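In the text below, chain A, chain B and the rest are named by the order of the sequence lines, each starting its count at 1. Fair warning: this is a prediction, and the values are worked out from it, not measured in the lab.
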2 protein chains.
Amino acid sequence: MRAVNANAHAGTDIWATEADGPEGLDGGVELAVSTVIFALRPHPESGLMTLWLPLVKRIREPYLGQWALPGGPLRPDEDLETSARRTLLRTTSVEPRYLEQLYAFGSVERSGTDAPRTSGPAQPSSPPPQPETAEAARVVSIVYWVLVQSDEAARAVDGENVQWFIADDLPPLAFDHDEIIAYALWRLRNKLEYAQIAQGFLGGEFTMAQLREVYEAVLQRRLDPANFRRQMITSKAVEPTGRKVTGTSHRPPVLYRFRTRIGAAAPEHVPRVRSRSAAAPPPGAAPAEARSRPAHDPHRGPGPDGPYHDPGTAGPAASGITPDLGTRTRPHTEGPVRR
Amino acid sequence: MRAVNANAHAGTDIWATEADGPEGLDGGVELAVSTVIFALRPHPESGLMTLWLPLVKRIREPYLGQWALPGGPLRPDEDLETSARRTLLRTTSVEPRYLEQLYAFGSVERSGTDAPRTSGPAQPSSPPPQPETAEAARVVSIVYWVLVQSDEAARAVDGENVQWFIADDLPPLAFDHDEIIAYALWRLRNKLEYAQIAQGFLGGEFTMAQLREVYEAVLQRRLDPANFRRQMITSKAVEPTGRKVTGTSHRPPVLYRFRTRIGAAAPEHVPRVRSRSAAAPPPGAAPAEARSRPAHDPHRGPGPDGPYHDPGTAGPAASGITPDLGTRTRPHTEGPVRR
DNA sequence: ACAAAAGTGTTAACCGTACACCCATGC
DNA sequence: GCATGGGTGTACGGTTAACACTTTTGT
């Protein structure tokens, strides 16, 4: 790669060859930035750590009164990421521990009115005739996903129109936000397996059990403590701080920290790693790149990353899609298996 | 995932809680869609298959005369992907075999003028003061990457202002297009390892040698023919058609086909797989998600996918980042190693 | 002592890798 | 027959996955 113009930026991406005259410059297309914010909190019933996210109640017509993702129009003097951070602050008053662009949603149909929108996932097909409601301008939403530390999120009380919900059990949502969230969830779960984003939910120091709890909560499956520890240690992702936790009524656990901090904004390129059965992503909605896992997330900037997973097809190299991390479900607290 | 409002679409992503009045609705922010188009052609010197991509010469002021990615403004009645396809047709007259959203680039600085744009990769930092050139509206570019079949691309002759270049040896580019291409290249190479996008360069039938040639060209390393074949076969990615190629001056090779076709548009969630040393992505530019591994690419729609790779950090599960595919470099045509 | 969780060891199965070797065809 | 890929066999080594076992603390 020969970066001739080092640090080139700016970019109008011009229709260089187009002899097009004034041509409709985004006539009527608005740009919004939305955010999917994740935090871990104990489940009200089981008490197990679970994924939660905040939604805001709409106070305008299209979908008035329904729940939607926090977001807003992009300001002319504001970067996309900055806009996402501003939304985060505004709705939850907490700082992001991890932030990354998810995807740009721009179907013509995903406009304002909750009209027809016939059926079937966003298939290529032909542009369906617009519903009656003529107004409602077209909006392209660039969505970011964010991780916030659990205890921080706990402090932030729900505001007037803001409320936290369990990510896997949401109320009816406005627009295509259910698909967006499904995609974000998929990305989070996928990326957790190859990138060190778990620290997005943790503080600077933590025990192996806490780290494992994050993985178990996000991946929704139990992990073998012994294998999990070894993998985290041998992967060089974490290192012991030397300190311990006392007063636990059992052997005092050692505290660990991540060797490298994850940023919160640029596009990144992550090396893919593994993946379990690669649960097919939500059929309808989301972006493409995400599968993969990509691994990666340099600037958190561009790119869906990676290693995301595909709708179903494995890849050539995908021959051995095998489990990973602490693997197996292990008896744990249920049944008289062990001992 | 409880899809309450099945197939919800539309979406203005409203600043629901915002009590903001008329507030600057995208005052001056324009939306463009650009495309990074890849095709394989033999290298003029070595004759080896190499990655090429078409660029267009700018005919307007910011960066007049320089090479840039094909693209144009988003039409109000056009989907993002449709816009990308239109650009592809316009510049190369070929059909896409694979198409996926790469990332949305929207830094405030990446505007029109090739002014200051100080230095350093797009770091969070504070918004640098705008250069003198007051005009040049701000543009947010949603970039797609596309794969076209080699022989098709070969037919398309270079137009007036369109010319194909070797992907790893490009001329100075306008705007931040060099970073965008670097990111797209990273994504292509990364995704090839876990998704079946190789068919984006091939026809319906091909020999193992041709398929391997695609991998070797994109990944820029030789693969062991024996192991490569086994992996492709056992991964169920391809299957023999029963037909053979004759007149080869050696044992006639069997023809294969992919078991599943890759689409060309929705966001996808791809299961991550492996990755070699996970070459760090280009520092400056790109998106975040891309790294990794990611896996997945449902709709080609949203999300960087995958398995992208990260700038450097491996993931927890990334413990065993090992090679894959046919592996090793193998003597091949050089030196008297074999036989 | 006992419970409970932290942490260590061990082993079988699987997969990636390397590389020797056989096969089929044109010249 | 011989050169040239196409295609098969196989053994080594590293990693994963499962699970038994030891350590350390509070009560």
Asker: When the distance from CD of B:Glu216 to P of D:dG5 is rounded to whole Å, what number comes out?
Answerer: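 Those two atoms, CD and P, are 13 Å apart.
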Asker: Please check if any side-chain donor atom of B:Arg259 sits under 3.5 Å from a side-chain acceptor atom of B:Gln196, or the reverse.
Answerer: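 No.
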Asker: Considering only heavy atoms and no angle criterion, is a donor-acceptor pair shorter than 3.5 Å present between the side chain of B:Arg230 and the base of D:dG7?
Answerer: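 Flag unset: no donor-acceptor pair detected.
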Asker: So that I can tick it off, tell me whether B:Arg222 and B:Glu216 are bridged by a salt bridge, with the cut-off set at under 4.0 angstrom between side-chain N and carboxylate O.
Answerer: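 Counted as a salt bridge, because a side-chain N and a carboxylate O are separated by less than 4.0 Å.
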Asker: Figure out the CE/C1' separation between B:Met208 and C:dC23, and round it to whole Å.
Answerer: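 Nearest whole value for this atom pair: 17 Å.
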Asker: Round to a whole Å and report the spacing from CG of A:Asn227 to P of D:dG14.
Answerer: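 Answer to the nearest Å: 19 Å.
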Asker: Whole angstroms only, please: what is the CD-C1' distance between B:Glu213 and D:dG5?
Answerer: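 Rounding to the nearest Å, CD of B:Glu213 and C1' of D:dG5 are 14 Å apart.
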Asker: Using atom types as modelled and distance alone, determine if a side-chain donor or acceptor of B:Thr50 lies under 3.5 Å from a backbone N or O of B:Leu48.
Answerer: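 Yes, B:Thr50 side chain to B:Leu48 backbone: donor-acceptor pair under 3.5 Å.
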Asker: Determine: side-chain N/O of B:Arg212 to OP1/OP2 of D:dG6, distance under 4.0 Å, yes or no.
Answerer: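 For D:dG6, OP1 or OP2 has a side-chain N or O of B:Arg212 closer than 4.0 Å.
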Asker: Measure from CG on B:Leu255 to P on D:dG6 and round the result to the nearest Å.
Answerer: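 The answer, rounded to whole Å, is 12 Å.
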Asker: Would you confirm whether the ring centroid of B:Phe206 sits within less than 6.0 angstrom of the ring centroid of B:Phe258?
Answerer: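 B:Phe258 vs B:Phe206: aromatic centres under 6.0 Å.
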Asker: Need one value for A:Ala209: base, sugar-phosphate or nothing, where a base atom within 4.0 Å counts as base even if backbone is also close, heavy atoms only.
Answerer: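 The residue A:Ala209 makes sugar-phosphate contact but no base contact.
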Asker: B:Met232 CE to D:dG6 P: how many Å, rounded?
Answerer: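 Interatomic distance, CE of B:Met232 to P of D:dG6: 15 Å.
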Asker: Is B:Thr241 reaching over with its side chain to a backbone N or O of B:Leu255, donor-acceptor style, under 3.5 angstrom?
Answerer: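 Between the backbone of B:Leu255 and the side chain of B:Thr241 there is a qualifying donor-acceptor contact (under 3.5 Å).
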Asker: Specify the separation, in whole Å, of atom CG of B:Asp224 and atom C1' of D:dG6.
Answerer: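 Going from B:Asp224 (CG) to D:dG6 (C1'), I get 13 Å.
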Asker: If you look at every heavy atom in B:Trp164 and B:Ala39, which pair is closest and at what distance?
Answerer: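 That would be CZ3-CB, 3.5 Å.
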Asker: Extract from the structure each pairing of a protein N or O with an N or O of nucleotides 25-27 of chain D at less than 3.5 Å, listing the distance.
Answerer:
none

Asker: Checking B:Glu95 side chain against B:Gln149 main chain: does a donor-acceptor pair fall under 3.5 Å?
Answerer: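 No; judged by distance alone, with no hydrogens or angles, the pair does not exist.
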Asker: Could you tell me the separation between the CG atom of A:Leu223 and the P atom of C:dA6, rounded to a whole number of Å?
Answerer: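 Atom-to-atom, A:Leu223 to C:dA6, this comes out as 14 Å.
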